[in-house]
Engineer: 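Sending over a structure as structure tokens; questions will come in a sec.
All residue numbers in this chain count up from 1 along the given sequence.
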Amino acid sequence: MDTTNKNLEQFKILDVPFNGLTYQAALAILLDFLQTSKNHIIVTPNPEAVMLAQRNKNFGKILNAADLVLPDAIGIILAAKWLKLPITERVPGCDITQDLLKTATTSSCYLLGAAPTIAEKAAQNLREQGVNVVGFRDGYYKPEEMSTIIEEINLLKPDILILGMGMPRQENWAFQNKDNLPCKITLCVGGTIDVIAGNVKRAPKIMRKAGLEWLYRLATNPSRAKRMLDLPRFVVAVVKRGKQ
């Protein structure tokens, strides 16, 4: 990544780098990426991802090697404030993915992830909005089918590849195949395909603005409770780091 560009300057929270960008600046950079020939990997870590990177060093290396690291959650913004880092605005992966597709009207995309039929529904919804979806595939493929998926993506040559396979699988997949794909942007954005398909509802706007989307997710999907245990661990780790 060209760190001579101030917009791409990074600041680390518990050894995970984040770009200190406004939402609109991040969208502008993504649009710039579409004018290049390189495949840029975009990741959107939340506090759970930061804590996973503490335990999974390979995942940590991947986050450090990404071309753009966007602060997806209010917890990251609050941690940055405590650590006195210039990361002041959330850039949710779900929102910026959809805005990118609406803005980059001449670009094409491919969806890879979510459960069977969900990727198809998401592709249908995007096409109805005028997005050029050249292909899709659910994330429940067999290992031996990987080469066929790579071949299909290379044949269709999408500008944007949207990965929705959960972390760290989607990030591992993105870097494993980075140099084998014709894409200009690979977005690792978790449940975004489910949201586009209408399979998962976002929190009400008032809760998103208040930074309470995590609470809505927990209330509507209690199975996330175990994962949410990383939130207090994140808070403790950030407080300790700030006092050093």
Side-chain angles (χ1 to χ4, degrees), residues 1 16-19 26 30 33 38-73 76 91-98 100-101 109-123 126 133 135-143 145-150 152-154 156 158-197 199-200 202 217 221 223-224 227 230:
M1 181 172 57
V16 173
F18 287 88
N19 293 96
L30 291 176
F33 285 166
K38 175 186 173 183
N39 180 13
H40 300 81
I41 306 298
I42 317 302
V43 295
T44 58
N46 57 19
E48 295 169 43
V50 172
M51 296 312 294
L52 177 59
Q54 311 304 301
R55 302 186 293 269
N56 184 329
K57 298 305 180 184
N58 183 63
F59 182 54
K61 289 179 181 178
I62 287 174
L63 295 182
N64 273 270
D67 295 280
L68 203 60
V69 186
L70 303 176
D72 185 78
I76 301 299
V91 185
C94 184
D95 292 336
I96 203 162
T97 296
Q98 294 181 82
L100 176 64
L101 295 177
C109 75
Y110 186 102
L111 310 179
L112 176 58
T117 74
I118 299 301
E120 180 178 5
K121 178 61 177 176
L126 288 173
V133 181
F136 58 86
R137 177 65 189 255
D138 68 71
Y140 289 76
Y141 59 84
K142 297 177 181 178
E145 297 177 291
M146 170 77 85
S147 59
T148 302
I149 293 171
I150 298 296
E152 179 175 77
I153 294 173
N154 275 281
L156 296 172
D159 299 302
I160 302 167
L161 174 61
I162 300 172
L163 297 181
M165 299 185 287
M167 63 179 188
R169 184 187 174 202
Q170 61 195 10
E171 290 82 7
N172 289 335
W173 196 100
F175 272 89
Q176 179 184 348
N177 298 292
K178 180 177 182 179
D179 297 327
N180 301 324
L181 299 171
C183 315
K184 298 170 184 176
I185 291 176
T186 297
L187 287 159
C188 301
V189 284
T192 296
I193 296 175
D194 288 273
V195 172
I196 294 172
N199 188 51
V200 172
R202 296 287 304 279
R217 289 177 180 174
N221 185 6
S223 64
R224 294 177 61 92
R227 291 169 52 188
D230 266 337

Engineer: Does some side-chain heavy atom of E171 sit less than 4.5 Å from a side-chain heavy atom of L163?
Structural biologist: no
Engineer: Any donor-acceptor pair under 3.5 Å linking the side chain of N19 with the backbone of V69?
Structural biologist: yes
Engineer: Can you list the steps and then say if L181 with N154 is a side-chain contact (heavy atoms from CB on, under 4.5 Å)?
Structural biologist: CA-CA 6 Å; L181 299 171; N154 275 281; 4.2 Å; yes
Engineer: Should I162 and F136 count as side-chain neighbours, where that means a heavy-atom distance under 4.5 Å?
Structural biologist: no
Engineer: I'd like to know if the side chain of N39 reaches the main chain of K178, judged simply by a donor and an acceptor atom lying under 3.5 Å from each other, with no hydrogens or angles considered.
Structural biologist: yes
Engineer: What are the two closest non-hydrogen atoms of L156 and G135, and how far apart are they?
Structural biologist: CD1-CA, 4.1 Å
Engineer: So, the side chain of H40 versus the backbone of D67: is there a donor-acceptor pair under 3.5 Å, distance only?
Structural biologist: no
Engineer: Nearest 0.5 Å, please: how far is OH in Y110 from CD1 in I160?
Structural biologist: 15.0 Å
Engineer: Under the salt bridge (Lys or Arg N to Asp or Glu O under 4.0 Å) criterion, do D194 and K121 qualify, and how do the steps go?
Structural biologist: CA-CA 9 Å; D194 288 273; K121 178 61 177 176; over 6 Å; no
Engineer: List the atom of A114, the atom of D138, and the distance in Å for their closest heavy-atom pair.
Structural biologist: O-CB, 3.4 Å
Engineer: Looking at OG1 of T148 and CD1 of I153, how far apart are the two atoms once the value is rounded to the nearest 0.5 Å?
Structural biologist: 11.0 Å
Engineer: Between atom CD1 of I193 and atom CD of E120, what is the distance when rounded to the nearest 0.5 Å?
Structural biologist: 13.0 Å
Engineer: Locate the shortest heavy-atom distance separating P116 from Y140; write the atom from each residue and the value.
Structural biologist: CD-CD1, 3.7 Å
Engineer: Determine whether a donor-acceptor pair (N or O, by modelled atom type, separation under 3.5 Å) exists between the side chain of N56 and the backbone of L52.
Structural biologist: no
Engineer: Looking only at non-hydrogen atoms, find the nearest pair between C94 and T192 and report the distance.
Structural biologist: CA-OG1, 3.4 Å
Engineer: I'd like to know if the side chain of Q98 reaches the main chain of D95, judged simply by a donor and an acceptor atom lying under 3.5 Å from each other, with no hydrogens or angles considered.
Structural biologist: no
Engineer: Please lay out, stage by stage, how I42 and T186 fare under the test side-chain contact (heavy atoms from CB on, under 4.5 Å).
Structural biologist: CA-CA 6 Å; I42 317 302; T186 297; over 6 Å; no
Engineer: What is the distance from atom OG1 of T44 to atom CD1 of I76, rounded to the nearest 0.5 Å?
Structural biologist: 10.5 Å
Engineer: Shortest non-hydrogen contact from L112 to M165?
Structural biologist: O-CG, 4.0 Å
Engineer: Cation-pi check, R169 to F59: give yes when NZ or CZ is under 6.0 Å from the six-membered ring centre and within 45° of the ring axis, no otherwise.
Structural biologist: no
Engineer: Answer yes or no: is there a side-chain heavy-atom contact under 4.5 Å between F18 and P45?
Structural biologist: yes
Engineer: Would N177 and M146 count as a side-chain contact (heavy atoms from CB on, under 4.5 Å) if you check the C-alpha gap in whole Å, the side-chain angles of each, and the deciding distance to 0.1 Å?
Structural biologist: CA-CA 10 Å; N177 298 292; M146 170 77 85; 4.2 Å; yes
Engineer: Are the side chain of D72 and the backbone N or O of G93 linked by a donor-acceptor pair below 3.5 Å?
Structural biologist: yes
Engineer: Under a 3.5 Å distance rule, please check whether N199 uses its side chain to pair with a backbone N or O of I118 as donor and acceptor.
Structural biologist: no
Engineer: Any sub-3.5 Å donor-acceptor pair from Q170's side-chain atoms to G190's backbone N or O?
Structural biologist: yes
Engineer: When you look at V43 and L70, which way does the side-chain contact (heavy atoms from CB on, under 4.5 Å) test go after all the steps?
Structural biologist: CA-CA 6 Å; V43 295; L70 303 176; over 6 Å; no
Engineer: Calculate, to the nearest 0.5 Å, the distance between atoms CD1 and CG belonging to I41 and L63 respectively.
Structural biologist: 12.0 Å
Engineer: Ignoring hydrogens, what is the shortest heavy-atom contact between A53 and G60? Give both atom names and the distance.
Structural biologist: CB-CA, 3.9 Å
Engineer: Charged N to carboxylate O under 4.0 angstrom, K38 versus D179?
Structural biologist: no
Engineer: So, taking the atom named CG in L100 and the one named CZ in F33, what distance separates them when rounded to the nearest 0.5 Å?
Structural biologist: 11.0 Å
